[in-house]
Amino acid sequence: MTTDFERSERRRAELGRIRRQRVVAAALALGALGAGAGAVALLSGGGGSSTTTRAAAPPPPPPERIRYRGTKLAPKPHGRGELPTLEQQRTAVRRLHRLGLPILCAGQRGRYIALTFDDGPGEYTELAMKILRKRHMRATFFIVGSRVAFYPSLPAREAALGALGDHTRTHPYLPGLSTAAILEQIRSTRDLLRQKTPGDILLFRPPYGGHDARVDRIATSLGLLQVLWSVDSGDSTGSDVKGVYRNVLAGLKPGAIILMHENRATTIKSLIHYVLPEIQRRKLKPVSVPELLALDPPSPEQVRKRKC
């Protein structure tokens, strides 16, 4: 017969067995969780380290470099359509060249004028080009051959802003020279400019405007159109900044060919503050001489009568 003591001991043993089973089950469960975490770590590339490091985000790409090209813009077209082609310009110059006479101005039927600069290249040439380029204005530069040795790269850059012309080798008064000397003064500079620039040289301007029938014949024989002017700015004869402006203003009208000099500070200041703003206010269009003669050519009668 089982006593109460025996029944009590059996019950205590049964409870102990149940508690041990529960501990073992809990241990097995914890072991399974640890193995699963390890597997996840291995699959994710964690390796043997319990600490994971997140890769840093790549830096943003640098902003695209913006290049300022304002000073390299080509001159804007004038009037309707594009400017005359080089062949149209050559044709216009050759037609007038056959007359064998100097040109003072164009036809005065449009809104075009020609700014011309003598005696360069020089110390102010770069500044003059910058001023014109900024305003999309074109011009003609009459080059003294002996000056090119000091500024060998400038003629080609000036040609890109319009046109070049021959202004003799040393800037003498031509009627006082022998025929051979006149020929040498003009031809040597024409040939030099042809070497320095890709375009042809079609124009000639005598220093001081000094010419006679002999000078006219020699220039014509060399294939050059002699170009004088209808407006003298007076910048080479002592006019101050406002004086240059008043002189230009007196003859500022369609077809005008304006004489200036790029190697004078007075000219540069007058251009910036007075002359160019007035040209823009009047809606006149500065072009090169060949462009002017193609756009608005003078009649043969106008050339013969020297009428502007």
Note, P84 side chain near T91 side chain (heavy atom, < 4.5 Å): no
Full working for ring pair (Phe, Tyr, Trp, His ring centres under 6.0 Å) between Y208 and H171: CA-CA 9 Å; Y208 315 104; H171 203 272; 4.7 Å; yes
Under 3.5 Å donor-acceptor, T237 side chain and G234 backbone: yes
Considering all heavy atoms, the nearest V215-P175 contact: CG2-N, 4.4 Å
Pairwise distance CD1(I218) to CD1(I182) - rounded to 0.5 angstrom: 4.5 Å
Connected via hydrophobic side-chain network under 4.5 Å: L86 and V289: no
Test side chain to side chain contact (heavy atoms under 4.5 Å, CB included) applied to L224 and I186, step by step: CA-CA 10 Å; L224 300 172; I186 301 173; 3.6 Å; yes
Given R264, R147, R205, the one that forms salt bridge (charged side-chain N to carboxylate O under 4.0 Å, His left out) with D118: R205
Salt bridge present between E87 and R94 (N-O < 4.0 angstrom): yes
Inter-residue atom distance R138.CZ - R133.CZ, 0.5 Å rounding: 11.5 Å
Check: L154 and E126 side chains under 4.5 Å, non-hydrogen atoms: yes
Polar side-chain atom of T197 near backbone of L193 as donor-acceptor pair, under 3.5 Å: yes
Verdict with reasoning, L252 to L284, per side chain to side chain contact (heavy atoms under 4.5 Å, CB included): CA-CA 9 Å; L252 187 57; L284 296 170; 3.7 Å; yes
pair D166-R187: side-chain heavy atoms closer than 4.5 Å: no
Within 6.0 angstrom of R306 CZ, more than 12 heavy atoms from elsewhere: no
For Q108 against K307, the heavy-atom pair lying closest together: NE2-O, 4.3 Å
Rounded distance [0.5 Å steps], CD in E262 versus CG in L132: 9.5 Å
Sidechain-backbone polar pair: T220 side chain, D216 backbone, donor-acceptor under 3.5 Å: yes
Separation of T140 OG1 from F117 CZ (nearest 0.5 Å): 9.5 Å
Donor-acceptor pair, side chain of D235 and main chain of H261, under 3.5 angstrom: yes
Any donor-acceptor pair under 3.5 Å from D212 side chain to R214 backbone: yes
Side-chain heavy atoms of K242 within contact of H273, under 4.5 Å: no
Closest approach of L104 to C308 (non-hydrogen atoms, all atoms of both residues): CB-SG, 3.7 Å
I103 side chain near L228 side chain, heavy-atom distance below 4.5 Å: no
Candidate pair M260 and L271, rule side chain to side chain contact (heavy atoms under 4.5 Å, CB included), full reasoning: CA-CA 10 Å; M260 308 185 88; L271 281 172; 3.8 Å; yes
Heavy-atom donor-acceptor pair, R109 side chain to P297 backbone, under 3.5 Å: yes
Hydrophobic cluster membership, V144 vs V227, 4.5 Å side-chain cutoff: no
Under-4.0 Å salt bridge between R304 and E301: no
Between CZ on residue R190 and CG on residue L222, distance to nearest 0.5 Å: 5.0 Å
Minimum heavy-atom distance S288-Q89, with the two atoms named: OG-OE1, 4.2 Å
Distance, nearest 0.5 Å, that separates CD1 of I257 from CG of D232: 13.0 Å
Taking every non-hydrogen atom, the tightest pair across T170 and S146: CA-OG, 4.2 Å
Under 3.5 Å: donor-acceptor pair, side chain of S239, backbone of V244: no
Side chain D296, main chain L292, donor-acceptor under 3.5 Å: no
Hphob cluster co-occupancy, L177 + Y173, side-chain heavy atoms under 4.5 angstrom: no
Nearest non-hydrogen partners of Q185 and R169, listed with the distance: OE1-N, 3.0 Å
I113/K253 under side chain to side chain contact (heavy atoms under 4.5 Å, CB included): CA gap, chis, key distance, verdict: CA-CA 7 Å; I113 62 172; K253 61 182 180 180; over 6 Å; no
E123 side chain near N263 side chain, heavy-atom distance below 4.5 Å: no
Check: R90 and P290 side chains under 4.5 Å, non-hydrogen atoms: no
Any L164 side-chain heavy atom under 4.5 Å of I201 side chain: yes
